[in-house]
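When a residue number appears, it is its place in the shown sequence, counting from 1.
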Amino acid sequence: MSTIARTHRIDRGGEDRGMPRPGRRRVLVGAGTVGLSLALGTGAAHASHYPSRGWRGTEVAAIQRRLWELKYWCGAADGSFGHLTQQAVWALQKAAGLAQDGVVGPNTRSALDRGVRPSRRITSGTGIEIDVGRDLMIFTWNGGLSYIMNTSTGSGERYYSGGRWKTAYTPLGDYRVFRRYSAGWQSGSLGDLYRPIYFYSGWAIHGSYSIPPYPASHGCARVSTAFMNRMWDRGWCVDGRRVLTY
């Protein structure tokens, strides 16, 4: 498959279908991150020794309850370390400045115990902020912190669409939701977006099956489909809702 055909199948922040491989720089950075994680005893080689995806039991349930207390949304505290718990752990690791390996090793456990949370820029009223630099999404309702989420924003990669090459980026600014789609998956020229809310031109917050802990979209901000449903159920997805990106 040609490069153009392969990249054209990626949605602007939607499900990864034919996602191009990371560039050499990302591979090298990732390799360094893995090496650091292994040195700290928190990497994949030690995943069997520390809670990570696939674990079950009371220890996982306790981690989930603590994540909930700190507003890292992880779904139900059911003792099963699945996709949603992994998303929450990634968000915590980002906030703490740790490698995002999804493993609750000593450093991540320390961040959990210390109650590490990212600082907010929206501290009054209601709004959603997207820290593009760290790929974190933070929700504030009537001045109070509601949720902290892992997200994946514009990759900075080049892609081909509409007859020309473009660069995947997430625009920075203070926006308002102006268009919504509530009826499940919305098909677009670059892929499918789950229940999107648009805050600027074709850029949206939407659900996806793929939300890695690094920038990988065409510019939209991805969250899990489960959390997107929660956003709709809890009244976040309304016209005029503030979305601050920085």
Side-chain angles (χ1 to χ4, degrees), residues 7 9-22 26 29-30 33 44 52-54 63-64 67-68 70-76 80-96 98-104 108 118 128-139 146-157 159 168-170 181 184-186 188 190-199 202-234 236-237 243 245:
T7 55
R9 292 171 63 194
I10 315 166
D11 66 296
R12 177 177 287 163
E15 182 179 358
D16 287 328
R17 298 177 177 176
M19 187 70 178
R21 295 188 179 191
R26 179 169 292 165
V29 171
T33 299
S52 59
R53 189 164 180 175
I63 290 169
Q64 290 170 327
L67 288 168
W68 263 104
L70 296 177
K71 307 300 184 181
Y72 294 95
W73 191 80
C74 59
S80 178
F81 199 128
H83 163 64
L84 299 181
T85 302
Q86 182 184 58
Q87 290 289 313
V89 170
W90 280 340
L92 170 66
Q93 291 174 330
K94 288 180 178 182
L98 302 174
Q100 292 95 61
D101 59 7
V103 178
V104 186
T108 301
I128 304 166
E129 56 188 279
I130 303 171
D131 183 341
V132 177
R134 292 188 291 179
D135 265 2
L136 281 171
M137 194 177 297
I138 306 169
F139 294 74
S146 292
Y147 308 113
I148 307 166
M149 300 294 299
N150 175 60
T151 189
S152 180
T153 58
S155 68
E157 305 262 349
Y159 67 98
Y169 75 97
T170 301
Y181 184 86
W185 292 95
Q186 183 182 44
L190 297 172
D192 299 334
L193 291 70
Y194 185 72
R195 307 188 79 181
I197 57 171
Y198 294 86
F199 59 87
W203 283 265
I205 297 169
H206 68 83
S208 174
Y209 288 137
S210 175
I211 317 98
Y214 53 82
S217 81
H218 279 89
C220 288
R222 305 177 188 178
V223 294
S224 66
T225 56
F227 186 71
M228 201 70 212
N229 286 336
R230 188 176 185 87
M231 286 178 62
W232 278 92
D233 292 343
R234 298 302 176 95
W236 289 93
C237 302
V243 178
T245 63

Side chain to side chain, [X] and [Y], heavy atoms closer than 4.5 Å:
X	Y	result
Val89	Leu67	yes
Val103	Thr108	no
Phe199	Thr245	yes

What distance separates [X] [atom1] from [Y] [atom2], expressed to the nearest 0.5 Å?
X	Y	atom1	atom2	result
Met231	Tyr147	CE	OH	9.5 Å
Ile205	Cys237	CD1	SG	8.0 Å
Met149	Leu84	CE	CG	7.5 Å
Leu98	Leu92	CG	CG	7.0 Å
Met228	Ile197	CE	CD1	4.5 Å

Nearest heavy-atom pair of [X] and [Y]: which atoms, and what distance?
X	Y	result
Thr85	Ser80	OG1-O, 3.8 Å
Lys71	Ser146	CD-O, 3.6 Å
Ile148	Leu70	CD1-O, 3.6 Å
Arg222	Ala216	NH2-O, 3.2 Å
Pro118	Leu136	CB-CD1, 4.1 Å
Tyr159	Leu190	CE1-CD1, 3.9 Å

Looking at [Y], is its backbone amide N or carbonyl O close enough to the side chain of [X] to form a donor-acceptor pair, meaning the two atoms are under 3.5 Å apart?
X	Y	value
Gln87	Ile211	yes
Gln93	Asp101	yes
Ser155	Pro215	no

*Would you please indicate yes or no on a ring centroid separation below 6.0 angstrom for Tyr214 and Trp90?*
no

*asked:* Would you call the rings of Phe227 and Trp73 parallel, tilted or perpendicular, taking 30° and 60° as the class edges?
replied: tilted

*Indicate the ring-plane relationship of Tyr169 and Trp203, choosing parallel, tilted or perpendicular according to the 30° and 60° boundaries.*
tilted

_Please evaluate residues Asn150 and Gln100 with respect to the criterion side-chain contact (heavy atoms from CB on, under 4.5 Å), reporting the C-alpha separation (whole Å), side-chain torsions for both, the decisive distance (0.1 Å), and the verdict._
CA-CA 10 Å; Asn150 175 60; Gln100 292 95 61; over 6 Å; no

*All side chain to side chain donor-acceptor pair (under 3.5 Å) counterparts of Arg234, not counting sequence neighbours*: none

*Among all residues two or more places apart in sequence or in another chain, which pass the salt bridge (Lys or Arg N to Asp or Glu O under 4.0 Å) test with Arg230?*
none

*What residues, two or more places apart in sequence or in another chain, satisfy ring-ring contact (aromatic ring centres under 6.0 Å, His included) together with Tyr194?*
Trp185

